[in-house]
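It should be emphasised that the depicted structure is a prediction, and the values quoted were computed from it without experimental measurement. Within every chain, numbering begins at 1; the chains are lettered A, B, ... in the order of the sequence lines, protein sequences first and strands thereafter.
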Amino acid sequence: MNISDDEVPLNRSARAKSSVIKDEDSDMDMGDKPPSASSVSDDDYDEEAPIKKRAASVSPAARKKSKAILDDDDFDDVPLSQTTQALKPKVTKKEPKAKAPKKEPKDTLKKEPKDTLKKEPKAKAAPKVKKEVKEVKKEPKAKDDGTPAPEDNDTYKWWESNDLDGEIKWTTLEHSGVIFPPPYKALPKRVKLLYNGQPVTLPPAAEEVAGFFGALVETDHGKNPVFQQNFFKDFQEVLKEAGGCDIEITDFAKMDFSKMFAYFEEKREEKKTTTSAEKKKIKEEKDTLEAPYKTCLLDGRKEFVGNFRVEPPGLFRGRGAHPKTGKLKKRVQPEDIVLNLGKEAPVPKPPRGHKWGEIRHDNTVAWLAMWRENVLGGVKYVRFAANSSLKGISDFKKFEKARELKLHIEKVRVDYRQKLKSDLMLERQMAVCTYLIDVFALRAGGEKTDEEADTVGCCSLRFEHVSLKPPNTVVFDFLGKDSIRYYQEVEVDQQVFKNLRIFKKAPKKPGDDLFDRVDPSILNKHLQNYMPGLTAKVFRTYNATKVMQDQLNLIPNEGSVNEKLVAFNAANRTVAILCNHQRTIPKTHEAGVAKIQEKIQEMVWQKIRLKKLMLVKDLTLKQKRKGYFEEINDLTKEDERAVHKYVIAKEIEKVQKKFEKDNIKLKEAKQPLLSKEELKTKLDKIRELKKEYTKEASSGKPIDLHPNDTVEKLEARVEKLEERIKTTCLQLKDKEDNSQVALGTSKLNYIDPRLTVMFSRKFNVPIEKLFTKTLRDKFDWAIQSADEHWTF
DNA sequence: CATTTCACTTAGAACTCTACCA
DNA sequence: TGGTAGAGTTCTAAGTGAAATG
């Protein structure tokens with residue numbers, strides 16, 4: 001009854017396996033469904049797999065095709081259309097609010113003006129004017145209210161305006177264009193690339209490219225063979241184009257960049273020695289040069305520009321196993337650049353002897369300049385800064401959209417839970433996808449080409465990324481955005497587990513798509529039915545802020561600002577973990593942890609020594625305060641020796657460093673230097689100490705450095721140490737917990753800033769402790785509009 | 001429609017500044 | 001008082017999703 005066309009022919013070939021499938025299914029669908037439907041659909045599922053598998057193993061393109069066909073058929077399915085119809089009334093009800101482009105007569109109306117916009121700028125005028133009327137409404141407002149002159153922008157509070165919609169982003173726009181990186185300056189003659197041990201004189205263009213690599217030889221990129229080969233190929237090309245050099249360079253392995261590398265290091269050292277006065281002067285010069293580019297005039301208001309600097313040439317640093325990593329990113333010329341500004345705005349002067357690629361006047365977009373980059377063929381934009389009104393408005397809209405999801409999330413969840421048992425493969429896959437996106441905050445996961453790193457999101461998960469451990473544990477292991485690993489072992493809904501097993505059923509094999517019928521556009525189209533503008537990414541924003549709010553609600557409103565701050569960061573961390581925001585463990589991390597651990601050990605040892613000393617002074621204490629002295633045997637002999645060694649090593653280092661330093665000073669002052677003898681005496685003293693420690697270890701009686709100290713004094717010192725141990729342990733835990741988690745990303749992009757403002761107000765934590773300067777600027781709208789009662 | 005293009009958000013790495021500590 | 005770890009900022013790669021295109 002529910003069989004779709006494409007599934008019928010498959011049935012035949014799959015029959016042989018149907019019994020196995022039925023077994024699994026019988027435990028799965030019993031009772032919930034009409035038996036006939038369930039058995040039929042189960043058979044169908046099984047048979048679909050081979051199709052996808054074949055498609056998947058051929059090529060991404062082929063995969064897509066087969067998908068498309070299958071999906072089409074599903075859409076034609078009777079039961080499907082019935083179910084979606086059930087949802088439709090809702091959608092149409094909400095339609096008036098949303099101007100979401102649907103398949104309706106409207107659509108054509110909309111498209112037309114846009115088409116004409118692009119193709120013939122002149123035709124633009126007509127449709128624009130209409131929209132401008134809308135926009136103009138709020139303009140006079142701002143102008144009338146505001147103080148007379150250019151400072152208008154300071155008083156323009158867009159969030160107090162109630163008309164933030166509209167295609168048009170601006171009516172007038174003036175800016176100064178972009179700053180180009182300085183031209184290449186040839187290296188000093190003595191700094192040369194070596195090839196096969198011989199110095200090579202390269203044409204400047206080739207030397208520049210070699211230098212790009214030379215600066216990276218010691219980095220992970222420089223050591224990556226793909227990076228090396230991509231670099232080498234492009235380098236050879238540049239060299240050839242520039243006329244070559246005296247030696248033929250054919251083998252990357254024979255290139256020696258050490259001279260170049262050393263030179264760059266030298267330069268860096270040099271830079272360190274510049275005095276603060278010099279630095280200040282350099283900075284001032286830079287500031288005056290850049291000032292005109294830093295701001296622009298948007299509808300007459302001054303706004304900040306984000307990245308007004310054109311990206312300098314270099315080697316493309318792809319993340320993860322990127323096939324194009326190391327390729328040469330060419331220098332961008334003014335001729336490559338498209339400027340976007342108002343019709344009446346003066347066109348900034350291009351660099352001498354150059355022309356701009358194009359001047360555009362498109363007020364439906366929010367970029368000021370753009371160029372095409374040669375490695376991936378992508379577009380780079382110069383845009384407004386994060387604290388600009390346009391960015392603020394879209395940020396605000398994003399969070400309002402996520403807030404709106406609150407009203408629909410229940411329906412969405414009920415629906416996908418129910419559809420987990422749908423008779424249609426498409427619906428089941430869609431339900432599981434929605435579940436994963438909602439519960440585990442996975443990204444949508446669009447298709448990627450083989451020109452890019454192999455990373456996935458929800459819809460693009462493959463067989464090998466998900467393993468199943470009955471009864472209902474799933475292990476996710478895949479590389480997500482930026483090739484960051486997502487590894488989670490989690491328990492899932494029983495029906496989700498069963499579905500995943502079906503989606504993985506043979507003959508599906510590694511390399512095949514888990515969700516062969518779903519991609520982000522299909523999924524998003526479906527999500528629109530619940531709420532206009534609902535897409536996969538909205539769930540991440542919604543859940544991140546929701547989790548944050550729930551976590552903040554658990555924090556007791558008491559204690560010091562610092563304690564509250566720690567609690568806030570802990571809440572922030574749960575969000576970061578949900579979103580899998582990671583950072584590479586700092587290279588210094590392990591050493592840092594070891595150092596803190598040693599410090600703790602030393603303090604523990606000191607504490608025990610003090611307690612032992614207390615007993616030396618008054619043995620009766622041992623009976624009187626049993627618990628207090630229990631720990632004096634906690635430290636093993638081994639631990640003790642380790643601490644001794646550490647303390648001694650530290651002392652020695654200290655003495656030696658001081659010795660060297662003092663001598664340098666004496667030398668500068670032309671005073672006689674300290675002799676080796678003096679150092680030796682000091683070191684000898686430490687050796688004495690070492691001996692004493694050894695003795696102490698065997699006798700168990702600590703040396704009393706201050707024989708006059710009373711028991712009370714000792715106890716006070718113990719207490720102080722305990723305090724320090726506690727804080728250091730906390731610090732260690734914090735360091736460990738945070739070592740792999742990046743809190744910044746969620747604070748910047750996912751957590752509604754008004755929630756943070758609410759926390760600040762309600763808990764009396766200065767906003768400066770929660771938002772850095774940049775964040776305060778970016779979220780000014782939130783700071784000014786939310787109070788202690790605000791809720792998401 | 002499926003695919004490509006465009007515009008925008010999101011992301012960790014790399015760099016710079018600053019506060020803290022011996 | 002300089003050396004450094006961590007905080008803060010900048011840079012640009014890598015996603016998402018809608019619209020244009022053929």
Can you name the side chain to side chain contact (heavy atoms under 4.5 Å, CB included) partners of A:K401, sequence neighbours left out? A:E404, A:M531, A:V538

Test side chain to side chain contact (heavy atoms under 4.5 Å, CB included) applied to A:A215 - qualifying residues, sequence neighbours left out: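 Side chain to side chain contact (heavy atoms under 4.5 Å, CB included) list for A:A215, sorted by chain: A:F264.
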
With sugar-phosphate taken as primed atoms, P, OP1 and OP2 and all else as base, the protein-contact string of nucleotides 12-22 of chain B at under 4.0 Å (heavy atoms; B, S, -) is BSS-S------

Under-4.0 Å side-chain N/O to phosphate OP1/OP2 contact, [X] with [N]:
{"X": "A:N524", "N": "C:dG17", "result": "yes"}
{"X": "A:Y750", "N": "B:dA11", "result": "yes"}
{"X": "A:K398", "N": "B:dT10", "result": "yes"}
{"X": "A:K391", "N": "B:dC8", "result": "no"}
{"X": "A:K169", "N": "B:dC8", "result": "yes"}

Grab the [atom1]-[atom2] distance between [X] and [N] for me, whole Å please.
{"X": "A:L376", "N": "B:dT5", "atom1": "CG", "atom2": "C1'", "value": "15 Å"}
{"X": "A:L479", "N": "C:dA14", "atom1": "CG", "atom2": "P", "value": "13 Å"}
{"X": "A:E451", "N": "B:dT5", "atom1": "CD", "atom2": "P", "value": "13 Å"}
{"X": "A:M370", "N": "B:dT5", "atom1": "CE", "atom2": "P", "value": "13 Å"}
{"X": "A:D519", "N": "C:dG15", "atom1": "CG", "atom2": "P", "value": "17 Å"}
{"X": "A:I437", "N": "C:dT16", "atom1": "CD1", "atom2": "P", "value": "9 Å"}
{"X": "A:K525", "N": "C:dA19", "atom1": "NZ", "atom2": "P", "value": "11 Å"}
{"X": "A:K448", "N": "B:dT3", "atom1": "NZ", "atom2": "P", "value": "18 Å"}

Can a donor-acceptor pair be found between the side chains of A:T455 and A:K448 at a distance below 3.5 Å?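 Yes, a side-chain donor-acceptor pair sits under 3.5 Å.
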
Dump the intermediate steps for salt bridge (charged side-chain N to carboxylate O under 4.0 Å, His left out) on A:E602 and A:K599, then the final yes or no. CA-CA 5 Å; A:E602 189 191 342; A:K599 221 161 96 185; over 6 Å; no

Does A:V226 offer a backbone N or O that forms a donor-acceptor pair with the side chain of A:N224 under 3.5 Å? yes

Nearest-nucleotide wise, let me know which of A:R372 and A:T541 is further upstream toward the 5' end of DNA chain B.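 Final value for this comparison: A:R372.
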
Need to verify one output field. Residue with the more 5' nearest nucleotide on DNA chain B, A:L748 or A:S521?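 The residue mapped nearer the 5' terminus is A:S521.
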
Using salt bridge (charged side-chain N to carboxylate O under 4.0 Å, His left out) as the criterion, list what pairs up with [X], not counting sequence neighbours.
{"X": "A:K324", "answer": "A:E451"}
{"X": "A:E269", "answer": "A:K272"}
{"X": "A:R331", "answer": "A:E208"}
{"X": "A:K380", "answer": "A:E311"}

What does [X] touch in the nucleic acid at a heavy-atom separation under 4.0 angstrom: a base, only the sugar-phosphate, or nothing?
{"X": "A:A453", "result": "nothing"}
{"X": "A:G457", "result": "nothing"}
{"X": "A:Y381", "result": "base"}
{"X": "A:T455", "result": "sugar-phosphate"}
{"X": "A:G378", "result": "nothing"}

Comparing A:K595 with A:S483, nearest DNA chain C nucleotide closer to 5' gives the residue A:K595

Need to verify one output field. Residue with the more 5' nearest nucleotide on DNA chain C, A:L534 or A:L315?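 Between the two, 5'-proximity favours A:L315.
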
How would you list, by chain and number, every residue that makes a ring-ring contact (aromatic ring centres under 6.0 Å, His included) with A:H322, sequence neighbours excluded? A:F316

For A:F227, what residues pass the ring-ring contact (aromatic ring centres under 6.0 Å, His included) criterion, not counting sequence neighbours?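 Testing A:F227 for ring-ring contact (aromatic ring centres under 6.0 Å, His included), a comparison that skips the adjacent residues, returns A:H221.
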
Which residues satisfy the side-chain hydrogen bond (donor to acceptor under 3.5 Å, both in side chains) test with A:K773, sequence neighbours excluded?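 Residues passing side-chain hydrogen bond (donor to acceptor under 3.5 Å, both in side chains) with A:K773: A:D777.
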
Does a salt bridge link A:D362 with A:K169, judged by any charged N lying under 4.0 Å from a carboxylate O?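 Salt bridge between A:D362 and A:K169, a charged N being under 4.0 Å from a carboxylate O: no.
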
Where along residues 306-313 of chain A does a heavy atom come under 4.0 Å from DNA chain C, residue by residue in number order?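 Result for residues 306-313 of chain A: A:R309, A:E311, A:P312, sorted by number.
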
Of the residues in residues 765-775 of chain A, which ones touch DNA chain C at a heavy-atom distance under 4.0 Å?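 Those residues whose heavy atoms fall under 4.0 Å from DNA chain C, taken from residues 765-775 of chain A in numerical order, are A:T772, A:K773, A:T774.
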
